[in-house]
Trainee: 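I have a structure here, written as C-alpha cells, and I will follow up with some questions on it.
Values reported hereafter were calculated over all heavy atoms of this structure, with side chains retained and with hydrogens, waters and symmetry mates removed. Nothing here was measured: the structure is a model prediction, and the numbers come from that model. Counting from 1, the numbers follow the sequence of the chain as shown.
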Amino acid sequence: MVYLSAASLFTTVYHIFAIVVYCCIAAIVVLMLIFGLRARRNVKKERVTRMPDGFSPLDVKRIFIGKTYPRRLTRALIAHWAQRGFINVKYVSRYRVKIHKLKDMPKHDDETAFFFDRGTYVRERDMFYHVIGNYKNGKTINLLRPLFTKDAAKSICNGYAVKEYEGVYTALHFRLKITALVLSVLPLISAVIWSGYESGNYMGLLMIGTGVIGMFVLMFAHGMPIVFKFLWCGLWLGASIGSLIAMFMSLEYDPLLIGYISVGIFFLGPLFFIRFIDYRAKNNLADYSDLVNFRKFLLFAPRSEVDKLDYYETLPLLYALNIKTLVRGKFSRKDELPQWYKSDGKRSALL
C-alpha cells in the first residue's frame with residue numbers, strides 16, 4: 001500500500017511538471033498567433049510601387065526594428081548617398097571602392113534638405129560626416145565591413161544602434177517579448193527539476209545557466225565577429241544543451257517527452273516564435289504597411305512593372321530590405337553604370 005502511494009506521488013509530480021511544460025508552450029503559441037495575426041491584419045492591403053522621396057535605408061531599419069542600425073548597411077548607405085549626389089564612387093577592386101565628397105549634406109532645417117523622417121535624417125547626417133571626415137583625396141571603403149566600428153560609433157549618434165522606438169513600438173511590445181523569452185526557458189527548468197527529482201542530481205540547473213548565456217550572446221551580441229561568436233556559443237550553448245540532452249536520455253520515466261520538448265522550445269522560442277510577436281504603435285502601422293507592400297511589389301510583381309523603376313534609385317532599398325539578389329534580374333538597366341560611378345568598365349560588388 002505504501003509502495004502504491006509512492007508510485008502515485010511519483011507520477012503525480014511528473015504530470016505537474018508536464019503540465020507546466022506544455023502550458024508554457026501553449027502560451028507561446030497563443031502569443032505568436034494572436035500578435036502575428038494582428039500584425040498581418042493591420043497591414044493595409046494596398047499596392048505600393050514606390051517609396052516617398054528622401055526615404056533612406058535607415059528609415060527601413062527604424063520602421064522594421066525600431067533602430068537606425070547601420071551595421072549591415074554599408075552598401076545601402078553608399079549607394080543612397082551617391083544617388084543623392086553627395087558623393088561619387090570610384091572602382092578599386094571587387095570589394096573596395098573609393099568615395100569622394102561632392103557636396104555637404106544639408107542640415108535638417110535647411111530648405112534644400114529632403115528626408116522622410118527628421119530624426120533619422122539627423123542620425124544619417126552624423127554618420128555621413130563621420131565616414132567622410134576630412135578626407136580630401138577620398139576614402140577607400142571595404143564593402144564587406146561596417147562603415148564604422150562599434151567603438152567609433154559611440155562618439156556619434158549616442159551609440160552604435162540608436163533606439164528609435166518612440167512611434168514604432170509600445171511598452172507592451174517589449175513586455176510581450178520578455179514574457180515569451182521567459183516562457184521559452186521555463187519548460188527547460190521544469191524538465192531539469194524533474195530529472196533532479198528522479199535522480200537526485202540537480203547539476204542540470206547549472207547547465208541551463210550557461211545555456212541561457214550562450215543563447216543571449218547568439219541573439220544579442222551583434223558586434224561580435226561571426227566566427228568567434230559561433231565558437232563561443234558552441235562552447236557555452238552547445239556543451240550545456242548537449243549535457244542536458246544526455247541527462248534526458250537517461251531518464252527512466254518520461255512518457256510525455258518533456259525533456260526533449262523543452263530543449264526544442266528553448267531554441268524555437270527565442271530564435272523563431274518570438275519574431276511573430278509584434279505590437280506596433282498605431283501611428284507606425286501606415287509606414288510599416290507601405291514598406292511591407294513595397295517589398296511585396298518588388299518580389300512578386302512581373303518584371304515589366306518592376307523595370308519601370310530606376311534600378312540605382314531603388315538599389316539602396318534593395319540592400320536595406322535584403323532582397324537585391326532576388327529581384328535584381330527584374331531590372332534591365334542594372335548593367336548600365338550610373339553617372340556617380342567611376343571606373344574603366346569594371347563593376348564592384350556595390351552594383
Trainee: Mind checking whether Phe116 and Ile63 have side chains closer than 4.5 Å, heavy atoms only?
Mentor: yes
Trainee: Under 6.0 Å from the CD atom of Gln339, do we count more than 12 heavy atoms belonging to anything else shown?
Mentor: no
Trainee: Would you say the side-chain atoms of Arg62 pair up with the backbone N or O of Thr120, donor to acceptor, closer than 3.5 Å?
Mentor: no
Trainee: Which residue, Arg50, Arg333, Arg84, forms the salt bridge (charged side-chain N to carboxylate O under 4.0 Å, His left out) with Glu313?
Mentor: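 Among the candidates, only Arg50 passes.
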Trainee: Search all heavy atoms of Phe115 against all heavy atoms of His108 and return the closest pair with its distance.
Mentor: CE2-O, 3.3 Å
Trainee: According to a 4.5 Å side-chain heavy-atom criterion applied to Ile, Leu, Val, Met, Phe, Trp and Tyr, with indirect links allowed, do Val192 and Val20 form part of one hydrophobic cluster?
Mentor: no
Trainee: Aromatic contact between Phe276 and Phe35, with the criterion being ring centroids under 6.0 Å apart: yes or no?
Mentor: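 No; Phe35 has its ring centre 6.0 Å or more from that of Phe276.
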Trainee: Roughly how far apart are Met203 CE and Ile208 CD1, rounded to 0.5 Å?
Mentor: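 Spacing of CE (Met203) from CD1 (Ile208) equals 12.0 Å.
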Trainee: Looking at Arg145, is its backbone amide N or carbonyl O close enough to the side chain of Thr74 to form a donor-acceptor pair, meaning the two atoms are under 3.5 Å apart?
Mentor: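 Yes, the answer is positive, given that a donor and an acceptor are paired below the 3.5 Å cut-off.
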Trainee: Tell me the closest heavy-atom pair linking Lys346 and Ser343, and the distance in Å.
Mentor: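 Shortest heavy-atom separation between Lys346 and Ser343 comes out as O-OG, 2.9 Å.
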Trainee: Kindly say whether Asp126 contributes a backbone atom to a donor-acceptor pair with the side chain of His130 at under 3.5 angstrom?
Mentor: no
Trainee: Looking at NZ of Lys334 and CG of Leu351, how far apart are the two atoms once the value is rounded to the nearest 0.5 Å?
Mentor: 12.5 Å
Trainee: Rounded to the nearest 0.5 Å, what separates atom CG in Asn88 from atom CD1 in Ile78?
Mentor: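 These two atoms lie 12.0 Å from each other.
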Trainee: State, with a plain yes or no, whether a side-chain heavy atom of Ser348 is found less than 4.5 Å away from one of Arg94.
Mentor: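 They are not in side-chain contact.
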Trainee: Would you say the side chain of Ile258 lies within less than 4.5 Å of the side chain of Tyr22, judging by non-hydrogen atoms?
Mentor: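 Side-chain contact under 4.5 Å: yes.
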Trainee: For atom CG of Asn142, decide whether the heavy atoms of other residues, nucleotides or ligands shown that lie under 6.0 angstrom number more than 12.
Mentor: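 Enclosed.
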Trainee: Can you tell if the side chain of Phe297 reaches within under 4.5 Å of the side chain of Val292, non-hydrogen atoms only?
Mentor: no
Trainee: Does any N or O in the side chain of Asp307 come within less than 3.5 Å of the main-chain N or O of Arg303, such that one atom is a donor and the other an acceptor?
Mentor: no
Trainee: Could you list the residues that satisfy ring-ring contact (aromatic ring centres under 6.0 Å, His included) with Phe216, not counting sequence neighbours?
Mentor: Phe220
Trainee: Within the side chain of Lys330, is there an N or O that forms a donor-acceptor pair under 3.5 Å with the backbone of Leu299?
Mentor: yes
Trainee: Only counting residues at least two apart or in another chain, list the ones meeting salt bridge (Lys or Arg N to Asp or Glu O under 4.0 Å) with Arg328.
Mentor: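 So Arg328 forms no salt bridge (Lys or Arg N to Asp or Glu O under 4.0 Å) with any residue.
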Trainee: Any donor-acceptor pair under 3.5 Å linking the side chain of Tyr319 with the backbone of Pro57?
Mentor: no
Trainee: Can you name the closest pair of heavy atoms from Leu256 and Ile261 and give their distance?
Mentor: O-CG1, 4.4 Å
Trainee: So, do Val327 and Val306 sit near enough that their side-chain heavy atoms are less than 4.5 Å apart?
Mentor: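 Result no, sub-4.5 Å side-chain heavy-atom pair not found.
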Trainee: When the aromatic ring centroids of Phe267 and Phe272 are compared, is their separation below 6.0 Å?
Mentor: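 No: the rings miss the under 6.0 Å criterion.
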Trainee: Distance from Phe10 atom CZ to His15 atom NE2, nearest 0.5 Å?
Mentor: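 Going from CZ on Phe10 over to NE2 on His15, the span is 11.0 Å.
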Trainee: How close do Phe64 and Leu321 get, heavy atom to heavy atom, and via which atoms?
Mentor: CE1-CD2, 3.5 Å
Trainee: For the CZ atom on Phe114, are there more than 12 heavy atoms of other groups (residues, nucleotides or ligands in this structure) within a distance under 6.0 Å?
Mentor: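 Atom CZ in Phe114 is not packed in, count stays at 12 or less.
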Trainee: Are Phe266 and Val212 close enough that some pair of their side-chain heavy atoms sits under 4.5 Å apart?
Mentor: yes
Trainee: Kindly write out the residues that satisfy side chain to side chain donor-acceptor pair (under 3.5 Å) with Thr325, not counting sequence neighbours, or none if the list is empty.
Mentor: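 Not a single residue meets the side chain to side chain donor-acceptor pair (under 3.5 Å) criterion with Thr325.
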Trainee: Does CZ in Arg275 sit with more than 12 non-hydrogen atoms of other residues, nucleotides or ligands closer than 6.0 Å?
Mentor: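 Counting neighbours around CZ of Arg275, 12 or fewer heavy atoms of other residues, nucleotides or ligands fall under 6.0 Å, so no.
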Trainee: Can a donor-acceptor pair be found, under 3.5 Å and without considering hydrogens, that links the side chain of Lys139 to the backbone of Val131?
Mentor: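 The answer is yes, because a donor-acceptor pair under 3.5 Å joins these two groups.
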Trainee: Say whether, by atom type as modelled, one donor and one acceptor occur between the side chain of Tyr14 and the main chain of Leu9 under 3.5 angstrom.
Mentor: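 Absent.
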Trainee: I'd like to know if Val92 and Tyr95 are part of one continuous hydrophobic network [Ile/Leu/Val/Met/Phe/Trp/Tyr, side-chain heavy atoms within less than 4.5 Å].
Mentor: no
Trainee: Could you give the distance from CG (Asp59) to OH (Tyr121), rounded to the nearest 0.5 Å?
Mentor: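 Taking CG in Asp59 and OH in Tyr121, the distance rounds to 12.0 Å.
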Trainee: To check you understand the geometry: which heavy-atom pair defines the closest contact between Val21 and Ser190, and what is its length?
Mentor: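 Closest approach of Val21 to Ser190: CG2-CB, 3.8 Å.
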Trainee: When you measure from the side chain of Asp104 to the backbone N and O of Pro106, does any donor-acceptor pair fall under 3.5 Å?
Mentor: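 Checking the backbone N and O of Pro106 against the side chain of Asp104, no donor-acceptor pair under 3.5 Å is found.
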Trainee: Is any side-chain heavy atom of Met215 less than 4.5 Å from a side-chain heavy atom of Val185?
Mentor: no
Trainee: Can you confirm whether Leu315 sits close enough to Lys324 that some side-chain heavy atom of one is under 4.5 Å from a side-chain heavy atom of the other?
Mentor: yes
Trainee: Calculate, to the nearest 0.5 Å, the distance between atoms CD and OG1 belonging to Gln83 and Thr314 respectively.
Mentor: 8.5 Å
Trainee: Scan residues 175-186 for pairs that pass side-chain hydrogen bond (donor to acceptor under 3.5 Å, both in side chains), counting only residues two or more places apart or in two chains.
Mentor: none
Trainee: Quick one: side-chain contact (heavy atoms from CB on, under 4.5 Å) partners of Leu251, sequence neighbours excluded?
Mentor: Trp194, Ser195, Glu198, Phe248, Asp254
Trainee: Using ring-ring contact (aromatic ring centres under 6.0 Å, His included) as the criterion, list what pairs up with Phe294, not counting sequence neighbours.
Mentor: none
Trainee: Can you establish whether the number of heavy atoms outside Asp109 located under 6.0 Å from its atom CG is more than 12?
Mentor: yes
